[in-house]
Amino acid sequence: MSFKELGVNPALVKALVAAGIEKPFPIQKATLPDAIAGKDILGRGQTGSGKTLAFGLALMTRLAGKTAESMRPLGLVLSPTRELAMQISDVIAPLSRTVNLNSQVVAGGLSYSKQIQALKRGVPIVVATPGRLIDLINKKHIKLDDVQITILDEADQMADMGFLPDVKKILDQTKPGGQRMLFSATLDRDVDSLVKKYLKNPVTHSLANEKSTAGNMTHHVLVMEQANKDAITASIAARKGKSIFFVRTKHGADKLAKRMNESGVSVGALHGGKTQAQRSRVLEGFKMGKTNALVATDVAARGIHVDDVSLVVHVDAPENHKDYLHRAGRTARAGAVGTVVTLATHKQLKGVRGLAARAGVKLVIVTGK
């Protein structure tokens with residue numbers, strides 16, 4: 001089935017073809033007809049399944065040609081991090097212009113004045129993080145009364161990261177009876193509370209969740225002595241192909257990146273302690289292949305959407321099984337294959353086994369030195 005047959009605006013279809021995108025992904029096939037018809041949507045699908053175009057094309061098709069009054073957007077996309085907000089905007093912005101729409105990112109770490117100026121001019125689509133949006137609402141730079149379509153992307157992550165009160169406050173201010181679409185990899189209690197309160201008779205499209213990537217993803221544990229961890233990590237980082245190394249703390253990320261660079265491996269570090277400009281440079285370098293290795297913390301990694309990452313390494317084991325799945329979801333994206341490796345000492349092995357069991361993945365255990 002083509003995008004045209006799914007009901008996508010012809011101008012958008014033409015732009016997609018020009019960009020080499022002709023065949024919709026499963027989640028796009030599943031959700032677009034209902035979303036374009038104005039129904040509330042609960043879409044569950046793994047990271048990298050094509051969710052951004054799934055909700056973006058529906059949003060742009062429904063708002064095509066409409067104009068927004070000053071400080072009153074018509075469509076709102078909420079995301080947990082500025083990196084993800086920017087990547088959503090990178091997908092939506094060029095397409096939206098083909099149907100006479102424009103968009104604006106509203107997020108911390110970016111120019112405050114530019115966001116306010118854009119909102120004053122009138123912008124139909126706003127892609128926002130909850131914190132900055134609440135700030136602008138409180139300072140009366142934006143009103144959500146006219147928002148016809150609200151989308152929550154990575155809703156499970158927003159609930160985990162403590163945004164829930166702000167998200168509810170935002171949804172309470174959007175147009176009553178407006179369309180709401182919620183996209184999430186998992187459906188836990190907090191996310192379920194949003195669905196029950198804010199979505200009316202939602203059509204649920206539940207595609208393969210994070211666990212189902214097991215077919216394209218292999219999971220390994222490399223058991224080693226703690227003293228050998230640095231040398232093994234540097235050796236892995238020197239491989240060909242893109243790799244992401246996860247650690248728990250900002251200090252740990254900087255320390256590991258420094259050791260890797262000193263061993264001759266070019267690597268960037270991504271964490272919340274860096275400025276937006278620094279984070280953008282690191283991520284761009286990784287995307288463009290200037291560096292093949294990236295060291296990241298869990299929070300910073302929420303916005304990493306790079307399709308050709310072939311290896312994820314848990315240098316520090318994640319705190320829980322959901323973090324394991326979200327980290328692992330950086331590889332095996334868009335139908336590609338990927339490998340996930342957890343580094344552990346003999347004492348840590350039991351804990352890693354428990355994490356994997358809760359995540360629903362099978363481990364291959366390899367004993368190193």
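Numbers for residues simply follow the sequence, beginning at 1.
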- [ ] Name all residues meeting the salt bridge (Lys or Arg N to Asp or Glu O under 4.0 Å) criterion together with Lys242; count only those two or more places apart in sequence or in a different chain, and write none if there are none.
- [x] Asp308

TODO: Would you check, one step at a time, whether the test side chain to side chain donor-acceptor pair (under 3.5 Å) holds for Arg259 with Ser263?
DONE: CA-CA 6 Å; Arg259 287 198 301 263; Ser263 69; over 6 Å; no

Open item on the list: Hydrophobic clusters here meaning ILVMFWY residues chained together by side-chain heavy-atom distances under 4.5 Å, can you tell me if Leu222 and Met260 are in one?
Closed with: yes

Please table the atom pairs, donor to acceptor, closer than 3.5 Å between any side-chain atom in residues 3-14 and protein atoms at least two apart or in another chain.
{"residue": "Glu5", "atom": "OE1", "partner": "Ser2", "partner atom": "N", "Å": "2.8"}
{"residue": "Glu5", "atom": "OE1", "partner": "Ser2", "partner atom": "OG", "Å": "3.3"}
{"residue": "Asn9", "atom": "OD1", "partner": "Ala11", "partner atom": "N", "Å": "2.8"}

Task: Basic-acidic side-chain contact under 4.0 Å: Asp316, Arg248 - done: no

TODO: Is it possible for you to say whether Leu270 and Met86 belong to one hydrophobic cluster, with membership spreading through side-chain heavy-atom contacts below 4.5 Å?
DONE: no

Open item on the list: Tell me whether Asp145 is salt-bridged to Arg72, with the criterion being a basic N under 4.0 Å from an acidic carboxylate O.
Closed with: yes

Open item on the list: So for atom CD, which belongs to Gln278, do other residues, nucleotides or ligands contribute more than 12 heavy atoms lying within a distance under 6.0 Å?
Closed with: yes

Task: Heavy-atom closest contact (Val312 atom, Arg327 atom, distance) - done: CG2-O, 3.6 Å

Task: NZ/NE/NH1/NH2 to OD/OE distance under 4.0 Å, Asp135 and Lys139 - done: yes

TODO: List the atom of Val126, the atom of Pro73, and the distance in Å for their closest heavy-atom pair.
DONE: CG2-CB, 3.7 Å

- [ ] Please check if Leu194 and Val147 belong to a single hydrophobic cluster, counting links between Ile, Leu, Val, Met, Phe, Trp and Tyr side chain heavy atoms closer than 4.5 Å.
- [x] yes

Open item on the list: Would you compute the distance between atom CG of Leu59 and atom CG of Leu101 and round it to the nearest 0.5 angstrom?
Closed with: 8.0 Å

Task: Results of ring-ring contact (aromatic ring centres under 6.0 Å, His included) for Phe183 - residues two or more places apart only - done: Phe55

Task: Cluster overlap Val366 with Leu355, hydrophobic side-chain contacts below 4.5 Å - done: no

TODO: Drop me the distance from Arg44's CZ to Ser184's OG, to the nearest 0.5 angstrom.
DONE: 8.0 Å

TODO: Decide if atom NE2 of His220 counts as having more than 12 heavy atoms of other residues, nucleotides or ligands within a radius under 6.0 Å.
DONE: yes

Open item on the list: Check this for me: Lys287, atom NZ, are more than 12 non-hydrogen atoms of other residues, nucleotides or ligands nearer than 6.0 Å?
Closed with: yes

- [ ] Measure across Phe245 and Ala293 and return the closest heavy-atom pair with its distance rounded to 0.1 Å.
- [x] CE1-CB, 4.0 Å

- [ ] Determine, stepwise, if the pair Ile134 / Ile170 fulfils side chain to side chain contact (heavy atoms under 4.5 Å, CB included).
- [x] CA-CA 7 Å; Ile134 289 286; Ile170 290 164; 3.7 Å; yes

Open item on the list: I need the minimum non-hydrogen distance between Asp40 and Leu199, along with the two atoms involved.
Closed with: OD2-CA, 3.3 Å

TODO: Give the intermediate values and the outcome of salt bridge (charged side-chain N to carboxylate O under 4.0 Å, His left out) for residues Lys196 and Asp192.
DONE: CA-CA 6 Å; Lys196 288 177 178 177; Asp192 196 33; 3.4 Å; yes

Open item on the list: Between Ile137 and Tyr112, is there shared hydrophobic-cluster membership here, with clusters defined by ILVMFWY side-chain heavy atoms closer than 4.5 Å?
Closed with: yes

Open item on the list: Tell me the closest heavy-atom pair linking Gln115 and Ala107, and the distance in Å.
Closed with: NE2-O, 3.0 Å

Task: Point-to-point distance, once rounded to the nearest 0.5 Å, from CG of Leu256 to CG of Asn261 - done: 9.5 Å

